[in-house]
S.K.: 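This structure is in structure tokens; I'll ask about it shortly.
Lettering of chains follows the sequences in order, A, B, ..., and the numbering in each one begins at 1.
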Amino acid sequence: MSADDFIVTPWHVEGDIDYDKLIKQFGTEKISSELLERIKRITGEDHFMLRRGIFFSHREMNRILDEYEKGNKFFLYTGRGPSGHTHIGHLVPWMFAKWLQEKFDVNMYFQLTDDEKFFSKPNLTLEETSKFAYENALDFIALGFKPEKTKIIINTKNIQTLYPIAAQVAKKINFSNTKATFGFTNDTNIGMIFYTSLQSAPCFIEDKPVLIPLGVDQDPHFRLTRDIAQKIGKQKPALIHNIMIPSLEGPGGKMSASAENGTIYTTDSPAEVKKKINKHAFSGGQPDIEQHRKIGGNPDIDVSYQYLRIFFEPDDNKLKKIYEDYKSGKLLSGELKAILIEKINEFLAIHQENREKAKNQIQQFLLENK
RNA sequence: GGGUUCGUAGCCUAGCCUGGUAGGGCGAUGGUCUCCAAAACCAUCGAUCGUCGGUUCAAAUCCGAUCGGGCCCA
């Protein structure tokens, strides 16, 4: 544990994250009210994830908007390390990316880093990460991206396209840089050491500015990318970061795809969702009903409330009422959980239907090797 | 290629020197308590000790081989 009591790296997130401190640590910029206004003005909409600070930090978002207003379109890029099934935390940046695609009418690239998960997870085989890549792709497609403007990159399948770009990048990043950025040591396999250049590659797949919406834990890769972009005659990627989605079991750390009980998967049945929330969601309620009525709950640490805020209740008025009722003690933890369960299951019913359909659509989304 | 070190339940690990078929922690599961969850407490599940062979009445423990991981040197 660091002196700040939290750790945020691409492979490990732990502790109660202080996002203001993280902005300083990483050297990013906080999303200001001016920037929020600007995005709202251009898109004509005030996205709840921006308004609520789910996306809280960025790098050079203003440059992207400057170019856009001059008529120079950018493109979007995000991804996923396929180490397991998709959970609802993964959906946050994807949903937001989909909104950006709609509002700005831009191309989107989605990278599935099956090689990286193979490198970083001792027990995963390449067959397994490829299988999860397919499963994760279905969830991505199910969110409604436009097939004519969206390409899915699978590292091991599209290496032919990625490699010439990755090679450009790799030549400019030395061992000392990656060691310092990722904390690599002598027992790190060389796949990991090279890997960041592959995650950089999609940034330069089109000769346009790129905007990357992503979990803030992935920022270190793109710090390196930004460092070397000019050296290879390219523009620095711009980024917009979302907070880590808490595990059901507590506010510290992010939802991990490996801890079954702390995680709602997109493939969970309504009964599983109900059970997981009721049995595992950390609450901000009081020890008993009398005290809860009297003192009230704490929505800020209540995971069920946080899920509503982050993802499942976009309506500010409804969310505000839940917040106030919970805080006043009018709403019990069990009742709050019931609201969340219904919201999740409503969402998943539609999502799972779209996910089935995605099986027939996936072919048109896959990137062709150049 | 040489050297060295490690391999015990999902994870971490005790035991190995001084042979007698494994003990703990985390996790998981169930229960008590809570409107829930957490915490606390109680209980349960879970390991043929990397593999093969040898010595022995008896091997996780000794010996040999082999596979796999780590580090150092080349």
Side-chain angles (χ1 to χ4, degrees), chain A residues 1 5-7 9 11-17 83-85 87-89 117-129 132 175 178-179 182-193 244-265 268-313 321-345:
Chain A
M1 199 71 80
D5 266 9
F6 63 85
I7 300 170
T9 75
W11 299 283
H12 182 70
V13 176
E14 187 183 324
D16 202 356
I17 303 161
S83 55
H85 278 290
H87 60 63
I88 56 175
K117 286 300 160 194
F118 171 62
F119 293 142
S120 65
K121 302 275 181 184
N123 296 325
L124 278 182
T125 65
L126 214 40
E127 287 69 34
E128 287 168 323
T129 58
F132 285 131
F175 189 32
T178 53
K179 268 209 291 200
F182 302 113
F184 291 156
T185 50
N186 279 355
D187 61 344
T188 304
N189 68 64
I190 63 171
M192 295 286 285
I193 294 163
M244 297 293 96
I245 310 312
S247 147
L248 277 183
E249 306 194 291
K254 81 166 170 177
M255 192 185 267
S256 151
S258 53
E260 294 271 332
N261 283 332
T263 309
I264 306 283
Y265 295 98
D268 281 350
S269 69
E272 283 170 322
V273 170
K274 187 175 180 190
K275 191 182 170 197
K276 281 184 184 178
I277 300 292
N278 279 333
K279 281 205 68 78
H280 298 289
F282 182 82
S283 95
Q286 299 303 333
D288 61 55
I289 207 160
E290 287 72 33
Q291 286 190 69
H292 193 271
R293 293 290 187 211
K294 201 171 146 199
I295 310 169
N298 182 356
D300 296 321
I301 62 165
D302 190 288
V303 171
S304 301
Y305 175 79
Q306 290 306 318
Y307 279 24
L308 290 169
R309 181 177 83 90
I310 291 167
F311 199 87
F312 290 103
E313 184 48 271
K321 182 160 170 36
I322 292 169
Y323 185 92
E324 284 169 356
D325 286 352
Y326 194 55
K327 194 148 192 149
S328 74
K330 188 174 161 193
L331 188 68
L332 298 176
S333 299
E335 293 166 342
L336 173 60
K337 287 185 174 186
I339 295 171
L340 177 66
I341 290 164
E342 200 189 323
K343 283 282 177 185
I344 294 178
N345 282 335

S.K.: Scan every strand shown for a Watson-Crick or G-U wobble partner of B:rU34, both distances under 3.5 Å, and answer none if you come up empty.
M.R.: none
S.K.: Write out all pairs satisfying salt bridge (Lys or Arg N to Asp or Glu O under 4.0 Å) with one or both partners inside residues 274-288 of chain A, taking only residues at least two apart or from two chains.
M.R.: A:D268-A:K276
S.K.: Between protein and nucleic acid, restricted to nucleotides 40-43 of chain B and to nitrogen or oxygen atoms under 3.5 Å apart, what atom pairs and distances do you find?
M.R.:
none

S.K.: Expressed as a whole number of Å, how far does the P atom of B:rG3 sit from that of B:rU55?
M.R.: 28 Å
S.K.: With A:K321, which residues qualify under salt bridge (Lys or Arg N to Asp or Glu O under 4.0 Å), at least two apart?
M.R.: A:D325
S.K.: Roughly how many Å apart are B:rC16 and B:rC63, using the P atom of each and rounding to a whole number?
M.R.: 14 Å
S.K.: So, using salt bridge (Lys or Arg N to Asp or Glu O under 4.0 Å) as the criterion, who are the partners of A:E313 when residues are at least two apart?
M.R.: A:K343
S.K.: Applying a 3.5 Å limit to both distances, which nucleotide forms a Watson-Crick or G-U wobble pair with B:rA14?
M.R.: none
S.K.: Once side chain to side chain contact (heavy atoms under 4.5 Å, CB included) is applied, do any residues pair with A:F311, and if so which ones, sequence neighbours excluded?
M.R.: A:M49, A:L91, A:V92, A:M95, A:F347
S.K.: Relative to the 5' end of RNA chain B, which residue comes earlier, A:I277 or A:N123, by the nucleotide with the nearest heavy atom?
M.R.: A:N123
S.K.: Please name all residues satisfying side chain to side chain contact (heavy atoms under 4.5 Å, CB included) with A:T129, sequence neighbours left out, ordered by chain then number.
M.R.: A:D114, A:K117, A:F118, A:L124, A:L126
S.K.: Taking any strand in view, what nucleotide pairs with B:rU55 in a Watson-Crick or G-U wobble way, both distances under 3.5 Å?
M.R.: none
S.K.: Could you check which residues of residues 290-297 of chain A get a heavy atom under 4.0 Å from RNA chain B? Sort them by number, please.
M.R.: A:H292
S.K.: Applying a 3.5 Å limit to both distances, which nucleotide forms a Watson-Crick or G-U wobble pair with B:rA28?
M.R.: B:rU44
S.K.: How far does the P atom of B:rA59 sit from the matching atom of B:rC42, given to the nearest Å?
M.R.: 37 Å
S.K.: Taking only the P atom of each, what is the distance from B:rU8 to B:rG15 in whole angstrom?
M.R.: 14 Å
S.K.: Could I get the full list of side chain to side chain contact (heavy atoms under 4.5 Å, CB included) partners for A:S269, not counting sequence neighbours?
M.R.: A:A271, A:E272
S.K.: Identify all pairs in which a protein N or O lies below 3.5 Å from an N or O of nucleotides 68-74 of chain B, and state each distance.
M.R.:
from	atom 1	to	atom 2	distance (Å)
B:rC71	OP1	A:N186	O	2.0
B:rC71	OP1	A:D187	N	2.7
B:rC72	OP1	A:N186	ND2	2.6

S.K.: With sequence neighbours left out, write down each residue that passes salt bridge (Lys or Arg N to Asp or Glu O under 4.0 Å) with A:E324, or none if nothing qualifies.
M.R.: A:K320
S.K.: According to the interplanar angle, ranging from 0 to 90°, do the rings of A:W11 and A:F184 count as parallel (below 30°), tilted (30 to 60°) or perpendicular (above 60°)?
M.R.: tilted
S.K.: Distances under 3.5 Å between protein N/O atoms and the N/O atoms of nucleotides 26-34 of chain B, please, pair by pair.
M.R.:
from	atom 1	to	atom 2	distance (Å)
B:rA28	O3'	A:N261	ND2	3.4
B:rU29	OP1	A:N261	ND2	3.0
B:rU29	OP2	A:N261	ND2	3.3
B:rU34	O3'	A:P287	O	3.4
B:rU34	O2'	A:P287	O	2.1

S.K.: Who pairs with A:E128 by side chain to side chain donor-acceptor pair (under 3.5 Å), at least two apart in sequence or on another chain?
M.R.: A:T125
